[in-house]
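Step one of this worksheet: look at the structure below.
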Amino acid sequence: MTNNKKDLLKRYLIFLAGLFVNSLGVALITKANLGTSPISSIPYVLSLNFALSLGSFTIIFSILLIVLQIVILGKNFKPESLLQIPVSIAFGFFIDFSMILLNALNPQMYAAKVAYLLILGVGVYMEVLADVVMLPGESFVRAVVARWETEFGVTKIAFDVSMAVIAAAASFFLARELNGVREGTIVAALLVGFIARTIGKKLHFLPGMLFE
C-alpha cells in the first residue's frame, strides 16, 4: 500500500472514530436532559413526538440539508459531496447505538452533565483532523457562504441559532411545551467549536505525526 493510500485510510478511520465520539457526545447531553447539539435539536424534537428514533430523524434531516446544498449550489455542487450521504447514515446509526449503549446512564451532577460537551468537542476535532468529509450541517453553511459570500463564523452562528429556534417552535407546536431545547443546546453552539479549536492548538503536532 502506498503512503498516500495509507494516509487516506488513516484519515477515514480517524473520521469514523470522530463520528462515533460525536454521536456519544450527542447521546450524553441528550441523556443528561440538557437538550442536544443545535444540529441535532430538530431531529431530537421530532423523535420525542413521533415513532422514529433520533438517529433515523438525523439521517432524514441530513439528507434534506444535502438536497438544499444542491439547490443552493446548482452546477457548483461537487459530486464528491455526495459522500455526505453514507456519512449521514453512519452518524444516524452511531447515535442510535450510543443511545442504546448509554441507556442505563442517569447522570445527576450538573457539572458532570456540562462536561459531556467536551466529548462533542473531541469528536469535532477528530473530524477536522481527518479532513476528508464534512457533515451536512457544516457543508450547508459552507454552501451558503459560497453562494452569497457571507462570513463563515457569522453564518455558522446564524445556522445554529436557527436550528434551535425551529426546534423550539416545533416542540411548542407538537407538544405544547418546550422539550429537547435547553441550555445545553446554546452552550454547545457557543463552546463546541471553541473546544475543538483549543484541542487543535494543543495538539498542533499531531497531523505531522499521523500523516505523511
Side-chain angles (χ1 to χ4, degrees), residues 12-65 84-130 133 135-138 160 163-164 166-193 195-196 199:
Y12 273 103
L13 289 174
I14 291 170
F15 179 81
L16 285 173
L19 206 61
F20 181 65
V21 172
N22 199 338
S23 73
L24 279 175
V26 169
L28 281 167
I29 63 172
T30 301
K31 291 289 291 181
N33 197 29
L34 289 176
T36 189
S37 65
I39 190 63
S40 298
S41 58
I42 293 175
Y44 184 42
V45 167
L46 293 175
S47 73
L48 293 174
N49 292 279
F50 296 101
L52 290 179
S53 67
L54 173 56
S56 297
F57 274 120
T58 296
I59 294 170
I60 294 168
F61 185 59
S62 296
I63 299 299
L64 172 62
L65 289 177
Q84 294 174 74
I85 295 175
V87 165
S88 300
I89 293 171
F91 189 45
F93 279 114
F94 282 163
I95 287 175
D96 280 347
F97 177 71
S98 296
M99 293 293 283
I100 294 169
L101 193 66
L102 301 172
N103 185 54
L105 186 69
N106 186 25
Q108 299 297 326
M109 292 180 61
Y110 192 81
K113 293 180 180 183
V114 174
Y116 291 156
L117 293 169
L118 290 170
I119 306 297
L120 274 176
V122 172
V124 171
Y125 165 72
M126 292 172 71
E127 291 165 14
V128 172
L129 174 66
V133 187
L135 289 173
E138 185 173 344
D160 286 345
M163 294 300 97
I166 292 170
S171 181
F172 278 118
F173 177 76
L174 294 169
R176 300 294 186 271
E177 61 182 355
L178 183 61
N179 288 319
V181 179
R182 284 191 54 182
E183 65 272 27
T185 308
I186 307 303
V187 174
L190 296 174
L191 287 187
V192 168
I195 291 169
I199 294 172

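In this chain, numbering begins with 1 at the start of the sequence shown. Since the model is a prediction, treat every value here as computed from it, not as a measurement.
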I'd like a table of donor-acceptor pairs (distance under 3.5 Å, sequence neighbours excluded) in which one partner is a side-chain atom from residues 167-174, with atom names and distances.
unit_1, atom_1, unit_2, atom_2, d
Ser171, OG, Glu177, O, 2.6
Ser171, OG, Asn179, N, 2.8
Ser171, OG, Asn179, O, 3.3

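Between Tyr125 and Ile195, every side-chain heavy-atom pair lies at or beyond the 4.5 Å cut-off. Using a 4.5 Å heavy-atom threshold, the side chains of Leu102 and Leu24 count as touching.
Nearest heavy atom pair, residue Ile95 against residue Gly55, reads CG2-N, 4.2 Å. When every heavy atom of Ser41 is checked against every heavy atom of Val181, the shortest pair comes out as CB-CG2, 4.4 Å. Contact record, Ala196 with Val124: CB-CG1, 3.8 Å, taken as the closest heavy-atom pair.
The stretch residues 55-64 participates, sequence neighbours left out, in these side-chain hydrogen bond (donor to acceptor under 3.5 Å, both in side chains) pairs: Ser53-Ser56. Listed by first then second residue, pairs satisfying ring-ring contact (aromatic ring centres under 6.0 Å, His included) with a partner in residues 39-58 number zero, not counting sequence neighbours.
Legend: residues meeting ring pair (Phe, Tyr, Trp, His ring centres under 6.0 Å) with Phe20, ordered by chain and number and at least two apart, are Phe94. For Gln84, the side-chain hydrogen bond (donor to acceptor under 3.5 Å, both in side chains) partners at least two apart in sequence or on another chain are Gln69, Ser139. Residues meeting the side-chain contact (heavy atoms from CB on, under 4.5 Å) test with Leu64, sequence neighbours left out: Phe61, Leu68. Under the side-chain contact (heavy atoms from CB on, under 4.5 Å) criterion, Ile59 pairs with Ile63, Ile89, not counting sequence neighbours. Under the side-chain contact (heavy atoms from CB on, under 4.5 Å) criterion, Val122 pairs with Val21, Met126, Ile199, not counting sequence neighbours. In terms of the side-chain contact (heavy atoms from CB on, under 4.5 Å) criterion, residue partners of Ser40 (sequence neighbours excluded) are, by chain and number, Val26, Thr36, Ser37. The side-chain hydrogen bond (donor to acceptor under 3.5 Å, both in side chains) check on Ser23 picks up Ser98, with sequence neighbours excluded.
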Test log, rule side chain to side chain contact (heavy atoms under 4.5 Å, CB included), inputs Ile29 and Thr185: CA-CA 9 Å; Ile29 63 172; Thr185 308; over 6 Å; no
Derivation of the side chain to side chain contact (heavy atoms under 4.5 Å, CB included) call for Leu52 and Ile60: CA-CA 10 Å; Leu52 290 179; Ile60 294 168; 3.9 Å; yes
Leu135/Leu65 under side chain to side chain contact (heavy atoms under 4.5 Å, CB included): CA gap, chis, key distance, verdict: CA-CA 10 Å; Leu135 289 173; Leu65 289 177; over 6 Å; no
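For the side chain to side chain contact (heavy atoms under 4.5 Å, CB included) with Val192, the qualifying choice from Leu118, Ile119, Leu120, Asn22 is Leu120, the only one to do so.
Remark: side-chain polar atoms of Lys31 are paired, donor with acceptor, to backbone N or O of Asn103 under 3.5 angstrom.
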